[in-house]
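So you know, we letter chains A, B, ... as the sequences are listed, proteins then strands, and number each from 1. Scope of the values below: all heavy atoms of this structure, side chains included, with no hydrogens, waters or symmetry mates.
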Amino acid sequence: MKRIGVVTICALLAAWLSADPALAQPRAGGVLRVALRAEVSTFDPHKGASGTDHMYLYPVFDTLVRFDDKLQPRPGLAESWETPDPKTLILRLRKNVKFHDGTPFNAEAVRFNLLRAQDKTVSSMVSELINIEAVEVVDAFTIRLRLKRPDASLVLAFTDRAGMMVSPTAVQKLGDQFGRTPVGAGEYRLTKWTPGDSVRLDRFQEYWEPGRPYLDGILIRIMPDGDTRVNALRSGQVDFIMEIPTQDFASLKGEKGIKTSEGPSLAYWRIYLNMSKPPLDKKAAREAINLAIDRGALVRTVMFGLTDVAVTPFPSVYWASNPALKPWPYNPARAKAKLVEAGLPNGFTFDMVLEPTPEHVRRAEAIQAQLGAVGIKVDLKPMELAKGVQGYFRAKEFMAANYRWTGRPDPDQSLRGMFHSTGFYNPGKYQVARLEELMDQAKSVYKLEERRALYQKIDEIIQQEAVDVPLYVAPVLEGMSTNVEGYQSNLLGKPAFRGVWLRLSR
Amino acid sequence: MGAFLRRRLLAVIPLVLLTTSLVFSLVLLLPGDPAVALVGLENVTEEKLAAIRERMGLNRPLYVQYGLWLARAARGDLGTSLRTGQPVIEALRDRLPVTLGLAVAATAFGLLLGFPLAVVAAAKRGGFVGGCASGIAAFGVAVPNFWLGSMLVLVLALHLRWLPATGYASPLETPWDGLRHAILPTLTLGASAVAEITRQLRSALQDTLNTDYVRTARAKGIAERGVIWKHALRNALVPMITVSGLTISRLVGATVVVESIFALPGLGRLNLESVLTRDFPMLQGAVLVMVLIVIAVNLVSDVVYGWVDPRIRLS
């Protein structure tokens, strides 16, 4: 009886809350205060390469294409696009858009941007646009891309740096200074950058979307330490934090005045294998590794249960992942049988690079113990990230590495990087011919449904061939004051504050 | 005094050369290629790396790189950040006041609290009060500042909500806010200064209290208070000049941790960030400034020492 009462009260409360017009209607005004781990490297979207820059770039630079919560393309500065044939992509642009300096946004501006993004002397994203042969202005608001070969990943590449539009006049005028005094067409303008401390963005009054943005501005404070960010949120000094340390998340979750957001990201933890080094070139040996790892235990102990085990290179909610696939079972007996099949009845030894920080060491030691139980000895090589990356990917000195795959907007970028024989993240240049065929095929069809089917097949082959050792999905752990409304997390784990508003402004 | 000063100043030159060349070679020993860091791992091609190394002069022999850096540094040009393109000298100018302010405030706090504690500990040696004073000093030495910082934040900022947990506000632009932001970092950094100063002054005072002239003063019937404050303390203070100088130098180093805990935009954090992003010109500049601070503080304390105690000047 008591329970029914509680339920009724909750239902009434919910009805009352949802009827409250103040909650449904976004309020304009206020400054959102955000704490981020890393400082922006440069505000020039074409020049930078750091994955931690996006939170600064999204508000300042509108992109040609936007993405939704499943990372599917949505109209942005390009209202629509079509592919009359597989080697032509036509973008129709939004009218009445201005850059912060008053420069009109049009096809000429897009052409300037794309040519700049293709310019090796300037751009860090030449490889993403490698298939664009010519950029043609059809009329003031239509642009036609002629492609060397079909490339379905282009549209999603335009949600990222390559689609961020800079003001051509400002670039020409400012030269190298552009990266510190940027001019875009986004919701906010950069008004103050105090290196090492903070970045202040203010509302762009002539933004094209009526009524947007809601906020007067965004103040980003730079706080490299995770506990410092948590403290800043708890004490009310900031309204939003990301990359919350896993051990702090549970305690933050129930706290008064704070709400948390947890979800999967496109990033996942895996063991990178150099499959040209024996015995890792044997499928049975790789299967043995996969079968001997208890992923559930890793999630419970290392990640405090805050995430899911990884099945494919993509989280289950992502459009390119294959929901029919099951995670690798934890089966030490079968792992041992696979070792016998590989001609390694006594197991084998491999060395594995990792970062020397406690969380990374804990995970690697757990893996070491699990693999040790079936006779696979892991020689842990903790070393500073830059050195490890250099040693594993470039010098190819080690057999394995335990790092995170950071995710990319388009599945082709992820798969090609890790599983194509030309991929940088496949140091053994290991080749599965069937996979490469399918990747090329998926890149040349533009219909999302058709691409999905091909990627699901790819996911299946990756598991069959045991070319991946997925561990668990990297969670997106964010926290904010209950004053923050309208925030939507994304699979890239890179917050964009579009649509955010504050109940009370300060 | 003039000759003493000249001698001291001349000694600074080889010291600066030695430390900067040492820093320069240590920086290059760091694992990780700055050119790779700059291009971004995925975009790495040999041509790109070669072009960057050429542009930054990384392909030249070490001694040539050092010579060029030194020549430019002598003219006040420390290069630009590899990561943000900001001139290094500008970053240092922005961040130096934060770190210096913090170190000086922490030392002042150390002196203010350390002084009475030391006197109590020396005067009431063996008693409960003296034991407490010594205990506080021992605690200050033993406790790591990252722990103390977290505890202070937990109690004073998160629980009692008296002070802001993190961040920096300039005391010149916003005095009240600046002061409130400065308290927790100062306490955190100053705890070890309190301890150091207490311990040093206490033992100096105890030594002085055992000398013949103090015994004579007591024999003349001067009250214990007068013996300590008028006779013993003055002599015991001389070594404190050196101790204060050493404390400031040590605290400048400790700002690396404290500035990270409190998200202060100072030199310490600049050092850390530059190491992590392989921003060599920035790191080089930040370390240079820290070295110069230590040298300057030592110089000043030597000179003051020489001024206070003529015996030093002659030796």
Could you grab the distance from atom CD of Gln86(B) to atom CD of Glu39(A), nearest 0.5 Å is fine? 8.0 Å
Mind checking the OG1-CG spacing from Thr166(B) to Asp225(A)? Nearest 0.5 Å is all I need. 10.0 Å
Please rank Thr42(A), Asp227(A), Ile222(A), Val238(A) by heavy-atom pairs under 4.5 Å with chain B and give me the top one. Ile222(A)
With a 4.5 Å heavy-atom cut-off, do Gln237(A) and His181(B) have their side chains touching? yes
Report the option among Gly179(A), Ser235(A), Gly48(A), Ala232(A) that has the most heavy-atom pairs separated by less than 4.5 Å from atoms of chain B. Ser235(A)
Can you tell me if Lys429(A) has over 12 outside heavy atoms packed within less than 6.0 Å of its NZ? yes
Looking at Asp176(A), I'd like to know if its CG atom is crowded, meaning that more than 12 non-hydrogen atoms belonging to other residues, nucleotides or ligands lie closer than 6.0 Å. no
Scanning both residues in full, the closest heavy-atom pair of Arg221(A) with Gly167(B) reads NH2-CA, 3.8 Å
Select, from Ser81(B), Gly266(B), Pro265(B), the one with the greatest count of heavy-atom pairs under 4.5 Å involving chain A. Pro265(B)
Please check if atom NZ in Lys396(A) has more than 12 non-hydrogen atoms from other residues, nucleotides or ligands closer than 6.0 Å. yes
Against chain B, label Pro224(A) side chain, backbone, both or neither, depending on which of its atoms sit under 4.5 Å from a heavy atom there. side chain
Under 4.5 Å from any heavy atom of chain A, what part of Ser260(B) do you find: side chain, backbone, both or neither? backbone
Closest contact, heavy atoms only, Gly236(A) versus Arg161(B): N-NH1, 4.4 Å
Salt bridge or not between Arg180(A) and Glu90(B)? Use side-chain N to carboxylate O under 4.0 Å. yes
Specify the closest pair of heavy atoms between Ala263(B) and Asp197(A), including all atoms of both residues, with the distance to one decimal. O-OD1, 4.5 Å
Give a yes or no answer on whether the side chain of Thr228(A) reaches the backbone of Ile261(B) with a donor-acceptor pair at less than 3.5 Å. yes
Contacting region of Leu158(B) [heavy-atom separation from chain A under 4.5 Å]: side chain
